[in-house]
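Indexing begins at 1, ligand by ligand and atom by atom, following the structure's order. All values below were derived from every heavy atom in this structure, side-chain atoms included, with hydrogens, water molecules and symmetry-related copies excluded.
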Amino acid sequence: MGKFASAKKVLICGAGIGGLTAAIAMARRGLEVVIVEQAQELRELGAGLQLSPNAMHVMARLGLIADISAVAFEPESSVIRHYRSGRAYLELPLKARCQSRYGAPYYQIHRADLQRILLRAAQEAGVEIALGESATGFTQSDTQVRLETAKTTRVADVLIGADGIRSVIRDGLFGAQSPRFTGQVAWRGVVPTNALPPDLIAPKTTVWVGPQHHFVTYYLKAGAMVNFVAVEERSDWTKTGWNEPGRIDQLQEAFEDWHPEITALLDATSQCYLWALFDRDPLAAWSFGNVALLGDAAHPMLPFMAQGAAMAIEDGWVLAQCLGQYPPQQALLSFEAARKSRTTMLQKISRKNAKLFHRNGGLGDLWQRSKLNIAGLWPQTATQRLDKIYGVNVTRP
Ligand SMILES: Cc1cc2nc3c(=O)[nH]c(=O)nc-3n(C[C@H](O)[C@H](O)[C@H](O)COP(=O)(O)OP(=O)(O)OC[C@H]3O[C@@H](n4cnc5c(N)ncnc54)[C@H](O)[C@@H]3O)c2cc1C
């Protein structure tokens with residue numbers, strides 16, 4: 001295949017949210033797609049994911065809205081509250097506003113449900129998924145890429161690294177560089193709603209902000225479960241993994257003087273996981289020749305804007321359109337040009353929110369508190385900021 005023909009066969013490394021979305025969109029454009037995934041089976045740990053309207057536009061174009069809405073939860077609003085008194089600094093409507101303002105809903109979904117929906121859609125679109133194959137490296141010529149896995153060698157016109165923050169494909173493109181520990185860990189868990197006192201948790205996305213910690217709660221599975229993410233500052237991370245089973249007693253201790261809503265939720269928690277939060281600076285480029293990165297492999301971001309998966313989903317759609325339109329190398333460069341400023345902006349906002357959500361004393365703390373109070377007085381300013389994120393529909397020609 002020459003430089004000027006369109007790609008016919010695409011290899012994707014990684015069957016996460018980004019890799020699966022890209023595969024569905026590419027297969028629907030007539031490309032032959034193979035995903036190579038290291039896991040023996042696709043199984044997400046118990047945790048939730050927020051899907052904002054910008055991500056839902058892509059899901060709508062892929063015909064997956066009905067499947068998602070059947071298992072998701074649509075929150076009334078998003079609210080930031082004081083960790084102890086519960087006072088609301090800022091509340092923004094979601095349910096009443098997202099569909100009318102952005103043309104798509106705001107949903108919260110269990111990761112396992114989303115992955116199951118995407119996996120089935122990928123299989124129905126004819127995508128081949130090779131499980132239990134760990135990529136180890138690649139070589140490329142002007143027209144072909146050879147991906148080495150622990151089992152075999154695979155050949156395609158284009159290789160996409162959708163293999164997350166510790167991407168092997170990224171290392172192969174730009175040299176190995178470890179991600180940086182941010183000094184924060186996230187405890188994550190889900191609790192059945194019927195194990196909680198009635199009406200304990202409001203049908204809202206709630207961010208509780210306090211000293212060196214913040215705590216997020218929202219519903220999943222049409223309200224049958226409550227998901228939480230509890231973020232704590234730590235000086236180091238000494239474990240070998242970055243996602244470990246957590247100890248409930250330690251989690252309770254970290255939040256013991258918080259609002260009774262939080263302590264009651266933790267009392268009902270029987271299992272949790274601890275994720276160390278790692279970060280990387282924006283890359284100068286995302287591709288070289290016929291190989292490119294997407295999602296966390298290209299632009300990992302802290303979870304404080306809940307946009308990492310949304311960006312991987314948008315990437316998947318845009319990349320598929322570029323590959324359907326241009327010869328491979330031009331397609332990969334067009335993809336990067338279309339996406340980079342947006343994902344870089346979100347990497348920066350997510351970092352800033354880490355400061356906004358944690359009280360650290362002193363003048364800096366006063367400044368962050370006053371920013372939240374001001375945002376509460378002029379919520380339209382916060383809405384206008386969100387327009388830049390939620391108001392983008394990458395599927396619109
Ligand atoms: C606490 C927390 C909360 C979050 N909440 C939200 C949220 O509410 N909304 C949101 O939009 N985002 C959220 N995110 C971010 C989101 O989870 C990520 O941005 C998203 O999962 C990235 O998707 P991805 O497909 O790029 O990578 P991943 O989901 O990391 O998938 C990568 C895949 O590649 C596979 N892989 C890796 N290496 C290899 C290899 N060598 N060979 C083959 N396969 C390989 C992996 O097994 C995996 O299946 C959150 C993140 C965290 C940590």
Side-chain angles (χ1 to χ4, degrees), residues 11-23 34-45 47-56 58 75 78 106-111 114-115 118-119 129-138 147-151 154 159-172 179 182 184-189 205 207 214-216 218 220 227-232 242-243 272-279 293-316 319 343 346-347 350 389-390:
L11 270 173
I12 297 179
C13 180
I17 292 161
L20 285 169
T21 305
V34 178
I35 305 185
V36 171
E37 165 60 49
Q38 66 184 2
Q40 295 289 346
E41 65 174 311
L42 288 187
R43 197 171 52 90
E44 273 283 0
L45 289 174
L49 195 65
Q50 309 195 56
L51 287 178
S52 48
N54 48 312
M56 288 309 298
V58 176
S78 154
Y106 192 107
Y107 278 149
Q108 290 153 345
I109 188 167
H110 198 288
R111 283 170 182 259
L114 181 62
Q115 198 162 32
L118 292 173
L119 179 63
I129 300 169
L131 294 175
E133 259 193 55
S134 184
T136 51
F138 65 87
L147 178 70
E148 305 298 335
T149 76
K151 282 187 183 162
R154 292 178 177 271
L159 168 65
I160 303 302
D163 48 344
I165 189 167
R166 284 152 202 281
S167 167
V168 166
I169 307 302
R170 176 181 173 131
D171 290 353
T182 58
Q184 289 166 331
V185 293
W187 305 77
R188 312 173 81 187
T205 302
V207 182
H214 75 272
F215 199 103
V216 184
Y218 54 82
L220 303 173
N227 177 81
F228 69 82
V229 182
V231 178
E232 182 189 7
W242 56 292
N243 181 12
C272 66
Y273 292 91
L274 197 52
W275 291 49
L277 298 181
F278 285 83
D279 199 9
L293 306 171
L294 70 66
D296 275 9
H299 46 70
M301 57 189 72
L302 291 172
F304 307 143
M305 240 356 261
Q307 282 295 311
M311 289 303 106
I313 288 168
E314 289 187 0
D315 281 354
L319 177 58
T343 58
L346 277 155
Q347 282 177 297
S350 303
I389 303 167
Y390 301 165

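Ligand 1 places these atoms under 4.0 Å from at least one heavy atom of S134: 41 (N), 42 (N). Interface atoms of ligand 1 facing V36, defined by a heavy-atom separation under 4.0 Å, are 43 (C), 44 (N). Within ligand 1, the atoms closer than 4.0 Å to a non-hydrogen atom of V168 are 41 (N), numbered from 1 in the order shown. Remark: ligand 1 atoms within the under-4.0 Å shell around heavy atoms of I17 are 25 (O). Numbered from 1 in the order shown, with element, the atoms of ligand 1 that lie under 4.0 Å from a heavy atom of E37 read 33 (C), 34 (O), 35 (C), 43 (C), 44 (N), 46 (C), 47 (O), 48 (C), 49 (O). Which parts of ligand 1 touch A162 is read off a 4.0 Å heavy-atom cut-off, strictly below it: atoms 32 (C), 33 (C), 34 (O). Every atom of ligand 1 is numbered from 1 in the order shown, and the set under 4.0 Å from a heavy atom of G295 is 26 (O). Atoms of ligand 1 found under 4.0 Å from any heavy atom of W275, numbered from 1 in the order shown, are 53 (C).
Ring geometry for Y390 against Y106 counts as perpendicular: the plane angle is over 60°, on a 0 to 90° scale with 30° as the lower cut.
Taking the side chain to side chain donor-acceptor pair (under 3.5 Å) definition, one finds that Q38 meets it with nothing, sequence neighbours left out.
Judged by distance alone, with hydrogens and angles left aside, the side-chain atoms of D163 form a donor-acceptor pair with the main-chain N or O of V168 at under 3.5 Å.
Nearest approach of E37 to G16, heavy atoms of both residues: OE1-N, 4.3 Å. In terms of heavy-atom proximity, A135 sits nearest to C13 at CB-SG, 3.5 Å. Contact detail for V36 and L11: the closest heavy-atom pair is CG2-CD2, 4.1 Å.
By the criterion of a heavy-atom distance under 4.0 Å, neither the backbone nor the side chain of A39 is placed next to ligand 1. Under 4.0 angstrom from ligand 1, the non-hydrogen atoms of C13 all belong to its side chain. For L49, heavy-atom contacts with ligand 1 shorter than 4.0 Å involve the backbone as well as the side chain. At a heavy-atom cutoff of 4.0 Å, ligand 1 is contacted by the backbone of E133 but not by its side chain. When non-hydrogen atoms are compared, ligand 1 lies under 4.0 Å from neither the backbone nor the side chain of M311.
Taking the side chain as every heavy atom from C-beta outward, S52 and Q307 approach each other to under 4.5 Å. Contact annotation: the side chain of R170 approaches that of P300 to within less than 4.5 Å [non-hydrogen atoms, C-beta and beyond]. Contact annotation: the side chain of I12 never approaches that of L294 to less than 4.5 Å [non-hydrogen atoms, C-beta and beyond]. Counting heavy atoms from C-beta on, the side chains of F304 and V231 come closer than 4.5 Å. Taking the side chain as every heavy atom from C-beta outward, H110 and N227 never approach each other to under 4.5 Å. Within the 4.5 Å cutoff, the side chain of L42 has heavy atoms near those of the L131 side chain.
Among Q38, Q108, R111, the residue whose heavy atom lies closest to atom 5 (N) of ligand 1 is R111. Taking each of G19, S52, G14 in turn, the one with a heavy atom nearest to atom 34 (O) of ligand 1 proves to be G14. Between atom 18 (C) of ligand 1 and the options D315, D296, L51, the minimum heavy-atom separation is to D296.
Residue P303 places no N or O, backbone or side chain, under 3.5 Å from any N or O of ligand 1. Considering both main-chain and side-chain atoms, G48 never comes within under 3.5 Å of ligand 1 through any nitrogen or oxygen pair. For the pair A310 and ligand 1, the shortest N or O to N or O distance falls below 3.5 Å.
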